[in-house]
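One is the number of the first residue; the rest follow in order along the sequence.
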Amino acid sequence: MYTTRLIHVPAALLAVSAAAWLGGCASTPVPTAEMAVAEAAVKRASTSSTSESAPAELQLATDKLANARQAVTNKDYERARQLADEAQVDAQVAELRAQSNRSRKAAKESQDAARALGEELTRQPAR
């Protein structure tokens, strides 16, 4: 009975090693979902407002998406997945930067209007 266990242990180790080796050889799947999410994020960010307020960030997202498409064409799916994820984040950064710039501009306009109103009120004689 002791000898039987010794035979099963090497066989079990061999089976585990073979499974690990075969798993390591499995190809990376096409990042279809990641590409779709990145495409949607870049499309959503591609507005005239974002183009004016955050052109560098939008261009970075667009370039990374183009590079991700090329990586898919080259069947470098891991690189494509990474670039798609980065393109999505860069598109979100572009949107947020544009929104921040719009908010800053609106706040400045409100302050200017309040200042002008205050000046107008001090110039008018009391009734």
Side-chain angles (χ1 to χ4, degrees):
M1 184 164 199
Y2 182 70
T3 353
T4 308
R5 284 188 199 167
L6 291 178
I7 292 172
H8 290 298
V9 171
L13 287 175
L14 180 62
V16 169
S17 297
W21 182 76
L22 288 173
C25 292
S27 64
T28 303
V30 179
T32 307
E34 291 87 348
M35 291 296 294
V37 170
E39 295 271 357
V42 171
K43 184 176 181 179
R44 185 178 58 245
S46 296
T47 64
S48 59
S49 174
T50 306
S51 295
E52 291 172 12
S53 299
E57 292 84 354
L58 183 58
Q59 186 61 51
L60 189 60
T62 304
D63 291 347
K64 284 185 180 176
L65 181 58
N67 290 337
R69 288 181 189 133
Q70 185 60 48
V72 168
T73 301
N74 295 341
K75 296 185 175 46
D76 187 355
Y77 301 136
E78 188 57 40
R79 180 79 177 135
R81 176 177 285 105
Q82 178 185 0
L83 287 167
D85 289 343
E86 290 178 15
Q88 177 193 357
V89 171
D90 290 337
Q92 291 170 340
V93 167
E95 282 185 294
L96 291 172
R97 176 72 49 98
Q99 183 180 17
S100 174
N101 288 343
R102 286 191 303 270
S103 296
R104 190 176 300 113
K105 182 179 178 183
K108 184 179 180 330
E109 289 172 358
S110 292
Q111 289 172 345
D112 291 347
R115 187 177 306 111
L117 181 59
E119 290 171 1
E120 183 68 26
L121 288 174
T122 56
R123 279 190 286 221
Q124 291 182 356
R127 295 183 191 202

All N/O donor-acceptor pairs, side-chain side in residues 65-72, below 3.5 Å, sequence neighbours left out:
residue	atom	partner	partner atom	Å
Asn67	ND2	Asp63	O	3.4
Arg69	NE	Glu39	OE2	2.8
Arg69	NH2	Glu39	OE1	2.7
Arg69	NH2	Glu39	OE2	3.1
Gln70	NE2	Asn74	OD1	3.1

Let me have the donor-acceptor pairs involving side chains of residues 85-94, under 3.5 Å, with sequence neighbours excluded, atom names and distances please.
residue	atom	partner	partner atom	Å
Glu86	OE1	Lys64	NZ	3.2
Glu86	OE2	Gln82	NE2	3.3
Asp90	OD2	Lys64	NZ	3.0

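Listed here is the closest heavy atom pair of Ser49 and Ala98: O-CB, 4.3 Å.
In this structure, the side chains of Pro29 and Arg81 come closer than 4.5 Å at one or more pairs of heavy atoms. A heavy-atom distance below 4.5 Å is not found between the side chains of Val30 and Met35.
Among residues at least two apart or in separate chains, salt bridge (charged side-chain N to carboxylate O under 4.0 Å, His left out) pairs with a member in residues 99-109 are Lys108-Asp112. Annotation: salt bridge (charged side-chain N to carboxylate O under 4.0 Å, His left out) contacts involving residues 42-56, sequence neighbours excluded, comprise Arg44-Glu95.
With rounding to the nearest 0.5 Å, the separation of CD in Glu34 from CG in Leu83 is 12.0 Å.
Here Leu60 is tied to no hydrophobic group at all, with no ILVMFWY side chain closer than 4.5 Å.
Residues forming a salt bridge (Lys or Arg N to Asp or Glu O under 4.0 Å) with Glu119 (at least two apart in sequence, or on another chain): none. Remark: Ser51 pairs with Leu58 by the side-chain contact (heavy atoms from CB on, under 4.5 Å) rule, at least two apart or across chains. With sequence neighbours excluded, the residues that form a side-chain hydrogen bond (donor to acceptor under 3.5 Å, both in side chains) with Thr47 are Thr50.
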